[in-house]
Amino acid sequence: QSDHLTSRNYQWMRGVYDLLGISAVQLSQSIWTPEYLQKVVYADLKTFIFSYLNFESDVSSVRSGFPMDTVIIDEADTTLVDMAVNDYRSVNARQNQSLLTRVMSVWEFVKDLPEDDTLYVIDQKKGISLQSAIYPLIEARFSVSYMDIRQLDEITKIERSIINALRCRWCYEREKDYFILNDTPVWEDCDKGVFVHIDPEFCYYLCMENELDTQSVRVKLSQGSKTTNSICLRDFFKRFRYVCGTTATAVSFREEFKAIYDLDCFCVPPHSPVVRKDVCPPLYLTLRAKEQAIIDLVQQKAEQGQPMLIITSSTKESERYSRLLKRRMIRHKLLNAKNTEAFSDVLANAGVFGSVLVANALAGRGADIKLGGNPELKTRQELVEMGEDIAALDRFVYFVPTPEQKASSLYQKYYSILERNKAVCAVDRQRVVAAGGLCVIGTSFFDEPRTEQQTRGRSGRQGEVGESWAFQSIEDEK
């Protein structure tokens, strides 16, 4: 699902493949070469699909066939069911000055329009309907006629652009519906907790609304694109001889797996019973009452030193809870789409005694949280601060070290620091267990039962102690 998880899993398994004499590689770009054949290939979903689309589109290359034998999918329910009908397209750039001209003209037209119900109507779901009074204005401004059937296609494009521009001007709220990152508007993917690029047309309108530079956006609009290949996600996976996957919430989609892919679903029981306490607080009447209850709970457990992971539904909500915690003088760390680079390392230490972490949309992350802290990660961070060569470190951490590597100073330093950190984390772990383990707090309504299961499942892993809370109020945004 993400490049981070791909890199992490690849690093974890490299030593195993090396012992078995199996070649493994991580696909970092959407370019497939014959050297990847007969290898175990790690790749995130988009990189893998676009490498296939680009490979099939490249008719000039001498191809030996794209490998379609076995695919193993992490978070299989999300990929195979939720995203089954998603269509992926491979495109090539082409000159398209008409699109740039239309977008610029539409914005000049829209910015002068008043808020008038006789021209357009905005409903509660941010949908926009053009009214009859605006049609003469469109004809005069863009030199078109609704009576000329030959211009209907052009008029349809203009109306669509006008609706998009009006939505950007009146419906989208900054720091809620979109964010500005490096002087560029971006959407927030609330399910994955990351920022994603905006369509160039929407990006231009939002740049103009916020008085940002539009040079790079105008270049993209003038280039345009032409689809060279496309495939539906469901059809892509059906081309493989064997399809299999793992997920903690597959049982909920047992029927869908069978109907769509003819796949059977098996539940592997945990080797240790789950002892986590799942708490369901009462439904609060107001958002303010719910927030007050959450902050009171956090303050109570922070005084005991119990580590907490506060999971929100959006970047805006995470920042709000961060401000509320600051008012109570509660030390914490904030992780959201604005600082994804540090997400994995900080989240891995969420089980440290006294840790309070506010995050949103874990999206499969957090499975490596250890009570008391992660000694391997701490050791690596210390060596980075010392200026050591991490690439050299990986060669004997993830692979069987050679006699020369065992004799190196880096090897001796690594395991010396590691043993010290293991002792520290072992003591810290006892304190965390005594305090009740990791406490996961969900601050808003869960859209699906499996999302709630995944959120609660960050605590009490491998039979550890822990607890989870899921708060909601009547005023929560659905």
With no hydrogens and no angle check, is any side-chain donor or acceptor of Ser355 less than 3.5 Å from a backbone partner on Gly351?
no

Measuring from atom CE of Met308 to atom CG of Leu325, what distance do you get when rounded to the nearest 0.5 angstrom?
8.5 Å

Kindly compute the distance separating CG (Leu212) from CG (Leu206), expressed to the nearest 0.5 Å.
9.0 Å

Value rounded to 0.5 Å, distance of OH in Tyr204 from CG in Leu221
8.5 Å

Answer yes or no: is there an ion pair linking Glu173 with Lys126, defined by an N-O contact shorter than 4.0 Å?
no

Check whether Lys290 reaches the backbone of Thr443 with its side chain - one donor and one acceptor, N or O, closer than 3.5 Å.
yes

Is the gap between the ring centers of Trp187 and Tyr172 under 6.0 Å?
yes

Main-chain N/O of Leu285 paired to Ser473 side chain as donor or acceptor, under 3.5 Å
no

Any donor-acceptor pair under 3.5 Å from Lys238 side chain to Ile260 backbone
yes

Between Glu209 and Tyr205, is there a side-chain donor-acceptor contact under 3.5 Å, judged purely by atom types and distance?
no

Please determine whether a side-chain nitrogen of the Lys or Arg among Arg239 and Asp235 lies less than 4.0 Å from a carboxylate oxygen of the Asp or Glu.
no

Assess the side chains of Asn164 and Ser161: does a donor N or O sit below 3.5 Å from an acceptor N or O?
no

To the closest 0.5 Å, what do you measure between CG (Leu233) and CD1 (Ile231)?
8.5 Å

About how many Å separate CG of Leu357 and CZ of Arg458, when rounded to the nearest 0.5 Å?
12.5 Å

Measure the shortest side-chain to side-chain distance between Cys203 and Cys207 over non-hydrogen atoms and say whether it is less than 4.5 angstrom.
yes

Quick one: sort the Phe48 and Phe240 rings into parallel, tilted or perpendicular, breaks at 30° and 60°.
tilted

About how many Å separate SG of Cys168 and CH2 of Trp107, when rounded to the nearest 0.5 Å?
7.0 Å

Leu152 atom CG, neighbour heavy-atom count above 12 within 6.0 Å:
yes

Go through the steps to decide whether Glu467 and Lys301 satisfy the test salt bridge (Lys or Arg N to Asp or Glu O under 4.0 Å), and finish with yes or no.
CA-CA 12 Å; Glu467 60 182 296; Lys301 294 188 175 297; 3.0 Å; yes

Residues in salt bridge (charged side-chain N to carboxylate O under 4.0 Å, His left out) contact with Lys378, at least two apart in sequence or another chain:
none

Ignoring hydrogens and angles, tell me if any N or O in the side chain of Glu376 forms a donor-acceptor pair with the backbone of Asn374 under 3.5 Å.
no

Any chance you could lay out the side chain to side chain contact (heavy atoms under 4.5 Å, CB included) test for Tyr88 and Met83, step after step, and finish with the verdict?
CA-CA 11 Å; Tyr88 291 83; Met83 305 171 63; 3.3 Å; yes

Does the side chain of Thr6 pick up a donor-acceptor pair with the side chain of Asp44 at under 3.5 Å?
no

